[in-house]
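Right, one structure below, let's go through it.
Numbered from 1 within each chain, the chains take letters A, B, ... in sequence-line order. Keep in mind that what you see is a predicted model, and the values were worked out from it rather than measured.
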Amino acid sequence: MAQTPSIAEEKTSSAVSSSKSITLRIARFNPQKDSDTSFMEFKVPVEKWTTVLEAILDVKKHFDHSVAVRYSCRQATCGSCGMVINGKPRLACFTKISELNSDTVTVEPMHNFPIIRDLAVRFDRLFNSHHKVKPYLIRDDTDVSSDTKEILQSPEELEQFIQFSNCIKCGLCNSACPTMATDSSFVGPQALAQAYRYVADSRDKGKDNRLKIIDESHGIWRCHFAGSCSQVCPKGVDPAMGIQLLRGYMLGFRS
Amino acid sequence: MNPHDEHKEGIGGMANPGRYGIERIAYWLMRLTGLGLLGYFIAHIYETSNILRGQVGWDEFLDLTQTTEGHLFLTLVIGMCVFHTVNGIRVMLGHGGIGVGKPARPDYPYLPASQNSQHKIGIYSAIVLAAIAMVYGMAVMFGE
């Protein structure tokens, strides 16, 4: 399936003025009907500030509204529009076409996530893994039973985990991970980085509990420090660092 | 199962290291050299078991390594061994949380601290040392 219509050639109600156009290749796959992925091609006018998400929405508006894509905030905050862009997992709203330095932009659904349709993938496994590492403060006391409503923390203590709190659960790290490419049971860099986020939090008392959860054959030991997760993270979380620091606890380098 | 069920990148994705920089290439080389050394280990056990065939059998098998192909094979083994050792030390230190940077508030463009120059130098050192060892090994073997 391939077609190359052009927005510039089409008479539309909206004004489109652009000095450049690119070919946008969109992966199409409907698990209900298709046996394999096909690509549709569209000529899309772009400006230097045009993002990949805007180009996809242009296609939806002018050519084919059936293209399935998940998006929401358009500002790299919600983590909805993760996809593989020119072979690398990125957020479509956070990727300008001009920075790709290519006249052809290929968008595919993220790897290691089951496809719902076209560019939309299922997040069940990511959320399950995230939930598995208990992503919340574990304490013996509670606000209800304690007189203290606040748990004070120094700036230095905050620095230990604040970076990992930036995770928006977009799944790009899991998509880039070479272990996840072959291991269906691996807990994944997103969940492991979040395990570190809470283990490193001075208010949390659930370290032993969490270390036990990830100390399994498909847990933290499957990470081989390829670092691809950190390279694709759009929020600077650096999951590879978190995982290695977490492993430092398990190997006795940290306490 | 339909391959789209999980949409895994599979071995093909692992075998495409170019997208993620030198760290992913090191990861891939580490796997390859590990498998290569495992193959050599098994072959080595078979080779040394030829001693049971006596002096003649042992000499016969050892002659295989004295050919051009045998020298090239051993050169490859030297390279795999050196790369796997040096890069393995780097990875083991990283696994203990050593040299992966310190957590801090990230600033755009969010360069990951764990992919720092120390690790890059470690990877390039492993490659260069492996190359030097291979050249030296070839010089010794082919210079005989």
Side-chain angles (χ1 to χ4, degrees), chain A residues 29 31 34-37 86-88 109-115 121-122 125 158-164 166 175-184 196 200 223-249 251-254, chain B residues 1-34 84 87-116 118-120 122-123:
Chain A
F29 176 69
D34 304 330
S35 60
D36 211 353
T37 301
N86 280 5
K88 209 170 170 181
M110 282 197 292
H111 298 295
N112 313 327
F113 288 83
I115 300 171
V121 295
R122 295 180 68 90
R125 195 175 141 212
L158 183 70
E159 287 279 303
Q160 292 300 312
F161 70 87
I162 191 71
Q163 171 176 10
F164 303 94
N166 284 359
S175 181
C177 175
T179 302
M180 295 216 78
T182 51
D183 185 351
S184 302
Y196 176 75
C223 169
H224 301 291
F225 194 23
S228 307
C229 51
S230 297
Q231 290 177 22
V232 300
C233 179
K235 303 301 283 186
V237 170
D238 201 349
M241 181 207 279
I243 296 168
Q244 309 325 310
L245 294 176
L246 192 60
R247 190 151 34 197
Y249 283 106
L251 294 172
F253 289 95
R254 300 170 73 88
Chain B
M1 181 185 281
N2 187 326
H4 288 285
D5 285 353
E6 290 202 58
H7 192 229
K8 293 213 158 299
E9 211 173 5
I11 299 288
M14 285 171 66
N16 181 5
R19 296 167 295 172
Y20 300 106
I22 190 70
E23 289 84 1
R24 185 71 170 253
I25 291 171
Y27 162 83
W28 183 238
L29 283 175
M30 196 70 179
R31 301 236 119 184
L32 277 182
T33 54
H84 203 83
N87 191 53
I89 292 168
R90 176 192 73 86
V91 172
M92 279 196 289
L93 289 172
H95 280 183
I98 298 165
V100 295
K102 287 182 180 172
R105 286 178 194 273
D107 287 321
Y108 189 81
Y110 305 135
L111 297 175
S114 66
Q115 317 289 289
N116 56 42
Q118 290 175 33
H119 281 279
K120 289 190 200 307
I123 294 167

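- For B:Leu111, no part sits under 4.5 Å from any heavy atom of chain A, backbone or side chain.
- Ranked by non-hydrogen atom pairs under 4.5 Å with chain A, the options B:Tyr110, B:Trp28, B:Tyr108 are led by B:Tyr110.
- Residue A:Arg122 does not touch chain B at all, counting heavy-atom pairs closer than 4.5 Å.
- Heavy atoms closer than 4.5 Å to chain B are found in both the backbone and the side chain of A:Pro109.
- Neither the backbone nor the side chain of A:Val121 comes within contact range of chain B; no heavy atoms are under 4.5 Å apart.
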Evaluate the side-chain contact (heavy atoms from CB on, under 4.5 Å) criterion for residues A:His111 and B:Lys8: first the C-alpha distance (whole Å), next the side-chain angles of each, then the deciding distance (0.1 Å), finally the verdict. CA-CA 6 Å; A:His111 298 295; B:Lys8 293 213 158 299; over 6 Å; no
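- Comparing B:Gly96, B:Gly21, B:Gly97 by heavy-atom pairs within less than 4.5 Å of chain A, the highest count is held by B:Gly96.
- When side chains are defined from C-beta on, A:Gln244 counts as touching B:His95, because their heavy atoms get closer than 4.5 Å.
- Of the listed residues (A:Lys88, A:Met180, A:Lys235, A:Gln160), the one with the most heavy-atom contacts under 4.5 Å to chain B is A:Lys235.
- Using a 4.5 Å cut-off between heavy atoms, A:Ala200 makes no contact with chain B at all.
- With a 4.5 Å cut-off on non-hydrogen atoms, A:Phe164 touches chain B through its side chain but not through its backbone.
- For A:Ser184, the parts lying under 4.5 angstrom from a heavy atom of chain B are both the backbone and the side chain.
- Contact of A:Asn166 with chain B is made through the side chain alone, with heavy-atom distances under 4.5 Å.
- Residues B:Pro112 and A:Met241 are not in side-chain contact: their nearest non-hydrogen atoms beyond the backbone lie 4.5 Å or more apart.
- Atom SG in A:Cys229 sits 10.5 Å away from atom OH in B:Tyr20 (nearest 0.5 Å).
- What you find for B:Pro103 and A:Leu245 is that their closest heavy atoms are CG-CD1, 3.8 Å.
- The two residues A:Asn112 and B:Glu9 come nearest to each other via the heavy atoms OD1-N, 3.2 Å.
- Here the side chains of A:Gln231 and B:Glu23 are in contact, with some heavy-atom distance below 4.5 Å.
- The two residues A:Asp238 and B:Ser114 have their closest heavy-atom pair at OD1-OG, 2.7 Å.
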Pair B:Arg31, A:His224 - check side-chain contact (heavy atoms from CB on, under 4.5 Å), show working. CA-CA 10 Å; B:Arg31 301 236 119 184; A:His224 301 291; 2.8 Å; yes
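- There is no contact between A:Asn86 and chain B, counting heavy-atom distances below 4.5 Å.
- Here the side chain of A:Glu159 pairs no donor or acceptor atom with the backbone of B:Ala104 at under 3.5 angstrom.
- For the residue pair B:Gly94 and A:Phe225, the shortest heavy atom distance occurs at CA-CE2, 3.9 Å.
- When each of B:Gly13, B:Gly101, B:Ala26 is checked for heavy-atom pairs under 4.5 Å with chain A, B:Gly101 comes out on top.
- Of all non-hydrogen atoms in B:Arg105 and A:Leu158, the two that sit nearest each other are NH2-CD2, 3.2 Å.
- Distance check, rounded to the nearest 0.5 Å: CE of B:Met92 to CG of A:Leu251 gives 11.0 Å.
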